[in-house]
Undergrad: 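Attaching a single structure in structure tokens format; questions to follow.
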Amino acid sequence: MASVSSQPQFRYTQPPSKVLHLRNLPWECTEEELIELGKPFGKVVNTKCNVGANRNQAFIEFADLNQAINMISYYASSSEPAQVRGKTVYLQYSNRQEIVNNKTTADVAGNVLLVTIEGNDARQVSIDVLHLVFSAFGFVHKITTFEKTAGFQALVQFSDTETASSAKNALDGRSIPRYLLPEHMGPCTLRITYSAHTDLSVKFQSHRSRDYTNPYLPVAPSAIDGSGQLSLGLDGKKLEPESNVLLASIENMQYAVTLDVLQMVFSAFGPVQKIAMFDKNGGLQALIQYPDVQTAVVAKEALEGHCIYDGGFCKLHISYSRHTDLSIKVNNDRSRDYTIPNTAMVNPQPSILGQQPAQMIGPGAPNFNATQYPPNAEQAMMPQHSGGWGSAVPPVPQSIPMQMTSHPYMPPATMPQMVPGMMQMPAHTSPMQAGTRPPYGPNSMQ
DNA sequence: AGCACA
């Protein structure tokens, strides 16, 4: 009795419908082409293209059944088959009576992309990484991120539909390059559709939303840390004044970070005058004082986002302090004034490394007291450049996350220099793009 | 070349 539903769908004779099913369409047949095809026979009230696994099928819905019959009848007896772009198109009545209006915003191209980040660690993808990835295709105006039932999502606004389309075509279904993500993170795949938005409303610069067209937008209170420091980077537009004193906060502090470790790490860029460590919001922070702003700038640029220990442990986040001269009242295991050697004797040998450049101490350095440190402390970050390298490195916008956590330190030659290149100069204008473009680069889309 | 899952 239920034989109707079990019949093959391609019966020789289909019951008439004002919806026609089309197949063998050319690639990416447009709605306009379908309307052109059906227009001589009646009023096309709806279409749906890119149907089926091969996206080469479509539906045309006429206002009236007779119009659909007109079209089928005409081509049934015509010597010329129905064609789109010279390709023969096969028509029949659809087995449905109307097109379900599936024409959501996802089908309409626009300048704003809706990006869903898939993966167990999707939430850890920073807005800076997203900015970096999408900047390869053109200037990114704004980004907002949010969590919905669909997961972690972002809206990415480009200036025009063409740029957004090239980004969508290149990135949809692809994963964020591994080198942009901390090692411990699993793959993060991007699913991209068009958004109905044309201009996002970004009220604050924050870790959730950015307006790259307006550096003077107020910074959200949430983006200012407990010390009143701006922890937010704004794509090269510095909102926090540079200072000779750095505020370092240490994230994922699996291992103890001692005063000596900090002194060692920060001394690589110049003499460290004073260090003060303190607990803040359940984490460890430290103020590190250099004699001059330039040294601090270099140290900050080099160390921001890096981990002291391999495996993503003790990740440094560095901002400029408003202090210019720390007041160290007592030398102990939490604070020290290295400029007053006579009184810096709470620990007679405050640092094995002393004031020597850190690169003098390599892996397996004989004097390295490994017992105080995790087993892989030999691999502790050893910046190999002292203060001078700042001029040799292109200025890096603050928002660039150097999430090279799998490598406590990588010399510049092995660093993905494309990262700053992409940031500052979108790939289509960047002289640095040769050989440094990501595999999904926009070149093949133009 | 044979019916849409948002």
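Chain A is the first sequence line, chain B the second, and so forth, proteins listed ahead of strands; every chain is numbered from 1. The model shown is predicted, which means the values in this text are computed figures rather than measured ones.
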Undergrad: Please give, in whole Å, the distance from B:dA6 C1' to A:F59 CZ?
TA: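 Rounding to the nearest Å, CZ of A:F59 and C1' of B:dA6 are 14 Å apart.
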Undergrad: So, A:Y212 versus A:S135: side-chain donor-acceptor pair below 3.5 Å or not?
TA: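 On atom types as modelled, these side chains do not qualify, holding no pair under 3.5 Å.
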Undergrad: Does the pair A:K203/A:D211 count as a salt bridge with the N-to-O cut at 4.0 Å?
TA: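 Here A:K203 does not pair with A:D211 in a salt bridge, since their nearest N and O are not under 4.0 Å apart.
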Undergrad: Just checking A:E61: base, sugar-phosphate only, or nothing, at a heavy-atom cut-off of under 4.0 Å?
TA: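 No contact.
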Undergrad: Hey, are A:E28 and A:R55 close enough for a salt bridge, meaning a charged N less than 4.0 Å from a carboxylate O?
TA: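 Salt bridge: no.
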Undergrad: Identify, between A:V19 and A:Y90, the residue whose nearest nucleotide on DNA chain B lies closer to the 5' end.
TA: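 Comparing both residues, the 5'-ward one is A:Y90.
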Undergrad: Hey, which sits more toward the 5' end of DNA chain B by its nearest nucleotide, A:N56 or A:Q97?
TA: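 It is A:N56, whose closest nucleotide lies nearer the 5' terminus.
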Undergrad: List the steps, then state whether side-chain hydrogen bond (donor to acceptor under 3.5 Å, both in side chains) holds for A:T163 with A:D160.
TA: CA-CA 6 Å; A:T163 312; A:D160 51 65; 2.6 Å; yes
Undergrad: Using whole Å, report how far OH of A:Y93 lies from P of B:dA4.
TA: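 Answer to the nearest Å: 20 Å.
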Undergrad: Using whole Å, what does the distance between atom P of nucleotide B:dA4 and atom CZ of A:R96 come to?
TA: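 Nearest whole value for this atom pair: 6 Å.
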Undergrad: Roughly, in whole Å, what's the span from CD in A:Q57 to P in B:dC5?
TA: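 Atom CD in A:Q57 sits about 10 Å away from atom P in B:dC5.
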Undergrad: In whole Å, what is the span from the CG atom of A:N46 to the P atom of B:dC3?
TA: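 Between P of B:dC3 and CG of A:N46: 20 Å.
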Undergrad: CG of A:L20 versus P of B:dC3: gap in Å, rounded?
TA: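 Nearest whole value for this atom pair: 15 Å.
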Undergrad: How many Å lie between CG on A:N50 and P on B:dC3, as a whole number?
TA: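 Nearest whole value for this atom pair: 16 Å.
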Undergrad: Between P on B:dC3 and NZ on A:K48, what's the gap in Å once rounded to a whole number?
TA: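 That distance rounds to 15 Å.
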